[in-house]
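Below is one structure, written out as C-alpha cells; the observations come after it.
Because the structure is a prediction, the values reported are computed rather than measured. In what follows, chains carry the letters A, B, and so on, assigned in the order in which the sequence lines appear, proteins first and then strands, with residues in each chain numbered from 1.
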Amino acid sequence: MKQVFFILAILVMVLFFNDGAFSQTTDDILLDLDFNVEEVAKKPYSINANIETKETIRFLDRDALLFKQKYLDKKSEDVAWQTDLDLTIEAQYQKDSFKLYGRFNGLFYYNDDENFESQRKAEEAYVSFQPSFSWAFDVGKKVHKWGKGYAFSPSAFFSRPKDLDDPDATLEGYYSLSADYIKSMEGALQTIAITPVLMPVTRDLNHDLGPKDELIWGGKFYFFAFDTDIDFMFLISDNMDDRFGIDFSKNLSPSFEIHGDAALVKDYHQYIIDEYGNTSEQEYTAFNFLLGLRYLSSRDTTYIFEYYRNGQGYSAREYDNYLSLIERGFDQYLNTSSQTLISQSKTMSVYYNQQAAMRDYLYLKVSQKDPFDLLYFVPAITLIYNMTDQSASITPQITYSPLTNLTLDLKTGLLLGESRTEYGEKINKAKIVLSIQYYF
Amino acid sequence: MKKIIIITLLGLLSSMTAFALDGNEILKQVDRNLNPESFEMYRKLINIEPDGTKKEFVMFSLKKGKEKIASVFLLPASEKGRSTLRIGENMWLYIPNVGKPLRITSLQSVTGGVFNNSDIMRVDYNSEYNCEKIETIDKGYILYLRAKLKSVAYETLTMFIDSEKLLPYKIEAYAASGMLIKNLYFKNIKDFGNGVIRPEIIETDSPLYKGYKSYIVFANVKKRELASEIFSLNYMHKIDGLR
C-alpha cells in the first residue's frame, strides 16, 4: 500500500511539472538573450507554491529506551516507512501601503503507525501597513526569527524552535502585533532598527505558549556599526519567564564570519523527574549562549560551526535518572503489566525528549559547492555532538538541482552513542530520507 | 651627476602618479557611464552548461551611492523572494524559508554556477579598485586595477576600455595568485534612456568552469532616488515591494 502511495505521490509531482522544466535541454541550445521585463511585471497579487514528496525509512533501535517508552513490546518491525506529500502555497496582495500575506501548508502522509493522515495549517497570515520607508506595522500570524545562530537560537524569543535536522525549514508563526522602525545615517553607526512585539495568549490565540491569558510583550533593538550587526532583545511574560538577549555577527575576513547569541531566562522553572517517578521543580536564572563561525575555503567548502550552552538543559545525572525511570518502567511493565512508571516518564517526555535536551553541544556542517564540476550539486555532512554524554548524530546529505525549480535531496541520519546516552537511546538508530521538491 | 639622477627619479615618480590619477579618473567615468550613482535595474542571469542545459534567474536591483546595493530574485520560482544586500564590504542573504538575513561573502554564489556574489552585487569599480597602471592601445586604454578592499572576489582586474565611449569591452579577473579566474565581455551597447547608454549584455566564461558560459542581460536601467533605510537588514524581505 505504501509503495502505491509513494508512486502516486511522484505521479502527482510529475503532473505539476511544467513543460519548461524539462524542455531546457540540449535541444534548446539556441541562445535567446532577449529580456522582456513584462514577463516579471509587478502585479498587485502573486501566488507561488511548492510541492514535495518525501520517503522516510527509519531503522528502529528496539533496544533503545525511547523505543521502549513509545512502543513497549508492541512493535515487532525493525524498519518504519513514511511517505509524505506536502504542498505549500504562498500568496500575497499589495495595494499602496497595505499588503496581505499568507503561507499555507497541507501535509498528507502515510505511515505504519497512523495509516493515512493529513494536517493543514496557516504558517503565516498577516496584514502589513507601511506608511513610509522607516515605518512598518504587521498584525496577524507571523514568524519573528531572531538571533544569529544557524542551528541553535537562544535569543529567538518570539518563534518556535528550529528543527536541528533542518534549520533552514520554514516555521509556523505566532499571532502578534509588531512594528518596525528603521533609521539610517552616515558614520560609524549606520543603521538603527527597533522592533516592538505584542503577542496575546488566550484560549484561541497562541494557547501553546502557556495556560495563563496574558499579553506578552518585548522587542528588539538592532544596530549596524563598525561593520558589525548587534541586537538587544527582551521578552516580558508570566507564561514564558522574562528573557533578555544579545547577539552579534561580523566578518573578520571576507571568508570568515563569527557570530554569537546569548540569553538570560529569569526565574526559569525546570521540571525534573527521578528514577522512581517523583517530580520536582527548580527555579533559577538560566544562561543560554552560542558562539559560532562560518568559513568559506578557497575550494568552495563552507564550514558552519557552533558551540551551544543550553542553560535550560538537563545535567548528565538528571538525564540519566530519566532514562533509569524508563528502564524501570519497562521492567515493571514486563513483570506486572503495569504502565505506571512508563506513563510517568511520558508525562515528562515533552521536556526530556525535545532536541538538545542536555547542556553542551557542538554543531558542525561542512558543505561543498559544485564538486567534480557538477553544477547545482552540493554534498554536505552535519555533526551534532552532545559533549556531556559523548553521543552524536551524523547526517550525510546530497542536494542536487538538475532542472529549474526542481530539487532532489538524499539525507542519511546515523545516531551514535553508548547505552544511557541521548542519541544512543533514540527510537531510530538510522534513517534515510529521499525528497523531491518542485516549485511553481 | 647626483642632482641629475634625483631630478630624473622625481620626474619618473611624478609621471607615474599622474598616470595613476588619470587611470582612476577614467575608472570613475567608466563607473558613471555603466550606471548612474543611484538607480534601479532588472537583470537576467543565464548559466549555460556544456550540454546546453541552461538556468535563468531574474532579479530586480537598487543601488544607492558608491557602496549600497540591494536585490531580490523574481525568477525562477525556487529562488523567488531571496534577497541580497551589500553595504561596503558587508553582504547578507535573506532566504524566505530561513526568515532572517545571513552574512555571506563575495566569493560565495547565491545562484550557483559561474556567477559569484561579487558579480551580482557589483558596486562601483572605483570604490573597490585602484588603478596601478594604464596603457594606451589602438582601441583605447587598458587599466590594471588592484583591489583596495579585502572583501573583493578578484585581487586584480585588467580592464579594456573603448576610449570613445569610455565603456569597458572586456575585463580579465585574476586571483591573488595571478591565476585567471574569469573573463567578462561587455556587448550590445544600448540606450536605456535618460542618458544611460551602456552594454546590455555581459558574457562570462571561466577557465575554472570549462565549457560553461554565463550571461547577464540588463533591462530598465534608470536613475532613481532612494531612501537609505531601504539598505538595511529589516528591509530585505520588502525589496520586491519597491518595484
Side-chain angles (χ1 to χ4, degrees), chain A residues 24-29 31 33 35-37 39-40 42 48 50 90 94 99 130 133-134 136 143 145-147 150 167-171 180 182-185 190-191 193 195 222 224 227 229 249-251 253-255 257 259 294 296 300 302 369-370 373 375-376 401 404-407 439-440, chain B residues 42-44 46-49 51-56 58 60 74-78 80-81 87-90 95-103 105-109 112-113 150-153 188 200-201 209-210 212 215 217-220 227-235 238 240-241 243:
Chain A
Q24 289 177 348
T25 58
T26 44
D27 296 328
D28 219 8
I29 198 162
L31 190 57
L33 291 179
F35 178 22
N36 179 10
V37 287
E39 62 188 272
V40 289
K42 177 84 175 161
N48 291 88
N50 73 74
E90 191 181 32
Q94 186 162 4
K99 186 175 89 172
Q130 192 176 344
F133 292 116
S134 288
V143 177
K145 258 192 179 174
W146 294 356
Y150 176 75
D168 291 340
T170 53
L171 297 179
D180 228 0
I182 310 167
K183 178 71 189 162
S184 290
M185 54 207 87
Q190 293 190 53
T191 311
T195 310
Y222 166 73
F224 177 53
D227 292 331
D229 297 313
S249 172
K250 183 178 177 65
N251 275 82
S253 77
S255 54
E257 179 260 7
H259 57 266
R294 181 187 290 249
L296 178 71
D300 264 344
T302 299
K369 175 183 163 266
D370 306 339
D373 280 343
L375 228 52
Y376 317 114
S401 181
T404 300
N405 294 327
L406 180 71
T407 303
Y439 298 81
F440 54 101
Chain B
Y42 286 84
R43 285 177 293 175
K44 183 188 268 190
I46 307 167
N47 280 338
I48 300 174
E49 295 178 50
D51 67 356
T53 307
K54 70 173 181 179
K55 265 200 171 182
E56 294 186 353
V58 175
F60 171 71
L74 308 175
L75 288 174
S78 57
K80 194 172 189 303
I87 302 175
E89 297 188 65
N90 303 277
I95 302 172
N97 275 8
V98 177
K100 65 179 184 184
L102 296 170
R103 277 182 175 256
T105 74
S106 57
L107 288 165
Q108 276 177 289
S109 175
K150 59 184 181 179
S151 62
V152 298
N188 284 26
E200 182 189 15
I201 295 166
Y209 289 91
K210 285 202 172 76
Y212 292 88
Y215 298 84
V217 187
F218 293 76
N220 285 24
S228 296
E229 282 72 21
I230 290 165
F231 302 89
S232 65
L233 298 196
N234 291 45
Y235 214 97
K238 296 186 277 197
D240 187 44
R243 296 203 292 140

Please look at [X] and chain B and tell me whether the side chain, the backbone, both or neither of the residue comes under 4.5 angstrom of a heavy atom of that chain.
| X | result |
| --- | --- |
| A:Ile182 | both |
| A:Ser401 | both |
| A:Lys250 | backbone |
| A:Asp180 | side chain |
| A:Asp227 | both |

Side chain, backbone, both or neither of [X] within contact of chain A (heavy atoms, under 4.5 Å):
| X | answer |
| --- | --- |
| B:Asp240 | both |
| B:Asn234 | both |
| B:Lys80 | side chain |
| B:Leu102 | side chain |
| B:Val58 | side chain |
| B:Lys210 | neither |
| B:Glu49 | side chain |

Query - Best-contacting candidate, A:Asn50, A:Asn251, A:Asn36, against chain B by heavy atom pairs under 4.5 angstrom - result: A:Asn251
Query raised in the report: Who are the ring-ring contact (aromatic ring centres under 6.0 Å, His included) partners of B:Tyr212, not counting sequence neighbours?
Result: B:Tyr209
Query - Validation row: A:Thr191, A:Tyr222 side chains within 4.5 angstrom (heavy atoms) - result: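 The answer is yes; the side chains approach within 4.5 Å.
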Query raised in the report: Side chain of B:Arg243, backbone of A:Val40: donor and acceptor closer than 3.5 Å?
Result: yes
Query raised in the report: According to the interplanar angle, ranging from 0 to 90°, do the rings of A:Phe133 and B:Tyr235 count as parallel (below 30°), tilted (30 to 60°) or perpendicular (above 60°)?
Result: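 A:Phe133 and B:Tyr235: tilted rings.
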